[in-house]
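A short write-up of the structure that comes next.
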Amino acid sequence: MLSIKDLSWSLGSGEEILKNISLELPEGKLTVITGPNGGGKTSLAKLIAGLEKPDSGEISLDGENITDWDITRRSKAGIGYAFQQPVRFKGLNVRDLMELAAQRSLSEREICEILGKVGLCANEYLDRTIDASLSGGEAKRIEIASVLAKKDAKVLVFDEPEAGIDLWSFSSLIDAFERLKATENKSLLIISHQERILEISDYIVVIADGNVTKAGTREEILGGLFGEEKAERCPLGKDKEDNKNA
Amino acid sequence: MLDKTTEELLGIVSDWSGKFNGAYNIRSNGQCAGRQSSENILLENKEDNPGLVVKIKPGTKGETVYIPACVTKGGINDLVYNDFFVGEGADVTIVAGCGVHTDDGHDVRHHGIHRFILDKGARVLYKEKHIGTGAGGGAKHIDPVTEVIQGEDSYLEMDTIQIGGVDRTFRKTTGTLGKGAQLVIKERIMTEGTQTANTDFAVELNGEDSSVDIVSRSVAKGQSYQEYHSKISGNARCKGHSECDAILADKGRVNAAPELFAGDLDAELIHEAAIGKIAGEQIIKLQTLGLSEEEAEAKIIEGFLRG
Ligand SMILES: Nc1ncnc2c1ncn2[C@@H]1O[C@H](COP(=O)(O)OP(=O)(O)OP(=O)(O)O)[C@@H](O)[C@H]1O
Ligand SMILES: [Mg+2]
């Protein structure tokens, strides 16, 4: 289990981006972080993966304090992170990246299996360089696949996996997430604005302006997000004021 | 008999596995250490200078000719002239690797002057790998001069790589292209320590619809220094593209000076150059997959030079 306690992070300029964030990611559960743009979701993911260091607070994995560990050490301990913006390389191809993630050489069949989870057909992509020639959606799916290929994964963080991905690939991805959580007992953290992902979550955390503004089980939170609020915003022909007065 | 060092170098630079399939000439310390012609590819001594004349019959298809050269002793300065005449409609691969090795304090140098004359419609894939090995204070030099004369609708692809260990290199490549001729050059150079590499291209696009595409990728590590210069002259309706892409590490330095000359209204010439260190996010991405910073950097460079 990954636990985060009172985590705060600010920019060099002093601007506070994350303020006393606490949350837990239990094994075999899927937690979704959602919330407005600029709220601090990606920043939190970077702190978890070790790309940034907090000003204060603690991150622990299975009871061990990993706050001071660097990126590599956290990865080796099982933390994976699929970037919101995929990274492009001039020389590495898809096979290279998958093998680096798995830390061994992979057969074509194995790579095919991994790429299939994000709706890509391996044969066409195995030797494709991960450079600017890939479309946005292709690059995004390869980025996600690299984390699915990761060796010894325990805690997997996906930053807006839905972005730029077509409906068909997205369905395969949802299946993959469900399998990771239920069959493989991983802790999943998915940053998302997507209803389908919220629907398969166990817990939902809303982060806005660097704070956890809501947290609870899916049932508790979704009621609030899509129940009352939806009714309030869509008054079926009436405007908001009318609805409130009604 | 080849000595062990020569065999090792041959393995690295020319896919040698104890033998070659097809025509070949092995040059070792300035001497011929084995030669074989085939029915379609004839290798002969050059009359005026040390070196070879390689004649490839018109219509020869799918054959490979190997002409590796190794210098394995300090104090040798090996100068060789090789001419290739590729007949009309031939389609062949030429593998020319070079390894230089010195264990003592004396310098070692290979200076290969290659001339390719392609007849109408001939197609050639030219592969060249360079490496320097051995300890000792002697400097390892490889200085290739390549001159290409391409006839109508011919195609030449030059795939060259300097893997490492070469202290000084001066590479000079010139091309003269006729109507519809295409020249594709992929060059990769890695330098480290106090090595220097200097590469210079001059291509004259003289024929209508001729084209050249030069892509040079370099990695300058340590205190090494590389210089890239290309000049493409478009003298007819033609297309020219050159790209110099360099990665810097440590205190490496690179000077890229591309030059384009358009002497015809319908000459389309483009140059791209990018020099910089490895983007931090590339290293970080590989770290999140479990690689250390050094491992990530090595993998990125390996891929960059292979691609
Ligand atoms: N390195 C940085 N330099 C400047 N500002 C930063 C930096 N990193 C984050 N920020 C700022 O911190 C805030 C939170 O950014 P973050 O990327 O975490 O938001 P987010 O919740 O992931 O947003 P989105 O939904 O748009 O992806 C934003 O205002 C952002 O501009
Ligand atoms: Mg974000």
Side-chain angles (χ1 to χ4, degrees), chain A residues 45-52 69-104 127-133 139 142-159, chain B residues 159-164 186-190 213-221 228 241-249 252 254 256 270 272-307:
Chain A
K46 288 182 175 169
L47 284 165
I48 292 173
L51 277 63
E52 300 289 353
W69 291 15
D70 65 15
I71 305 171
T72 310
R73 190 162 174 209
R74 289 188 203 202
S75 171
K76 288 194 160 138
I79 297 177
Y81 172 42
F83 289 24
Q84 181 170 9
Q85 302 287 354
V87 176
R88 314 271 180 154
F89 297 88
K90 264 186 179 149
L92 298 182
N93 61 33
V94 173
R95 177 195 287 276
D96 294 331
L97 196 67
M98 297 306 138
E99 291 187 340
L100 288 174
Q103 310 255 303
R104 65 185 174 90
D127 299 321
R128 279 290 293 274
T129 304
I130 307 169
D131 61 9
S133 72
I142 289 161
E143 170 66 19
I144 293 168
S146 74
V147 173
L148 298 177
K150 195 180 174 311
K151 185 183 180 224
D152 300 333
K154 267 190 197 164
V155 180
L156 295 177
V157 182
F158 297 90
D159 200 342
Chain B
D159 195 345
T160 69
I161 179 163
Q162 177 173 307
I163 309 170
K186 291 181 199 155
E187 178 185 75
R188 287 146 295 166
I189 300 177
M190 217 277 286
D213 186 18
I214 303 172
V215 176
S216 173
R217 285 192 167 178
S218 56
V219 174
K221 298 198 229 182
Y228 168 97
H241 171 246
S242 70
E243 183 181 328
C244 166
D245 212 337
I247 289 183
L248 300 176
V254 169
I270 297 171
E272 299 170 77
I275 304 177
K277 61 176 188 292
I278 298 174
E281 58 168 26
Q282 294 183 8
I283 293 176
I284 289 172
K285 170 64 198 173
L286 297 191
Q287 286 179 297
T288 67
L289 296 178
L291 281 77
S292 69
E293 191 175 340
E294 296 73 31
E295 288 165 341
E297 197 178 296
K299 281 289 168 194
I300 292 164
I301 288 176
E302 186 188 308
F304 177 77
L305 288 175
R306 184 193 52 202

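All chains are named by letter (A, B, ...) in the order of the sequence lines, taking the proteins before the strands, and each is independently numbered beginning at 1.
For a residue to count as touching a neighbouring chain, one of its non-hydrogen atoms must lie under 4.5 Å from one of that chain's; by this rule A:Leu100 touches chain B with backbone and side chain alike. Using a 4.5 Å cut-off between heavy atoms, A:Leu97 contacts chain B through both its backbone and its side chain. Looking at A:Asp131, neither its backbone nor its side chain comes within 4.5 Å of chain B, counting heavy atoms on both sides. Neither the backbone nor the side chain of A:Arg73 comes within less than 4.5 Å of any heavy atom of chain B. Of the atoms belonging to A:Glu143, heavy atoms from both backbone and side chain fall under 4.5 Å from chain B. Using a 4.5 Å cut-off between heavy atoms, A:Phe89 contacts chain B through both its backbone and its side chain.
A donor-acceptor contact shorter than 3.5 Å links the side chain of A:Lys150 to the backbone of A:Ser75. A donor-acceptor pair under 3.5 Å is formed between the side chain of A:Gln103 and the backbone N or O of B:Leu289. In this structure, the side chain of B:Arg188 engages the main chain of B:Arg306 through a donor-acceptor pair within 3.5 Å.
In terms of non-hydrogen atom pairs under 4.5 Å with chain A, the most contact-rich of B:Ile300, B:Ile247, B:Asp245 is B:Asp245. Most heavy-atom pairs under 4.5 Å with chain A, from the set B:Lys299, B:Glu293, B:Glu295: that is B:Lys299. Note: A:Asp96 leads A:Asp70, A:Val147, A:Asp152, A:Asp96 in heavy-atom pairs under 4.5 Å with chain B.
Here the rule is side-chain hydrogen bond (donor to acceptor under 3.5 Å, both in side chains) with B:Ser216, and of B:Lys186, B:Glu187, B:Glu243 only B:Glu187 fits it.
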Can you check side-chain contact (heavy atoms from CB on, under 4.5 Å) on A:Phe83 and A:Leu51, steps first, answer last? CA-CA 11 Å; A:Phe83 289 24; A:Leu51 277 63; 4.2 Å; yes

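Side-chain atoms of B:Phe304 and B:Ile278, non-hydrogen and from C-beta on, never get closer than 4.5 Å to each other.
Within the model, atoms CD1 of A:Ile48 and CG of A:Leu156 stand 11.5 Å from one another, a figure rounded to the nearest 0.5 Å.
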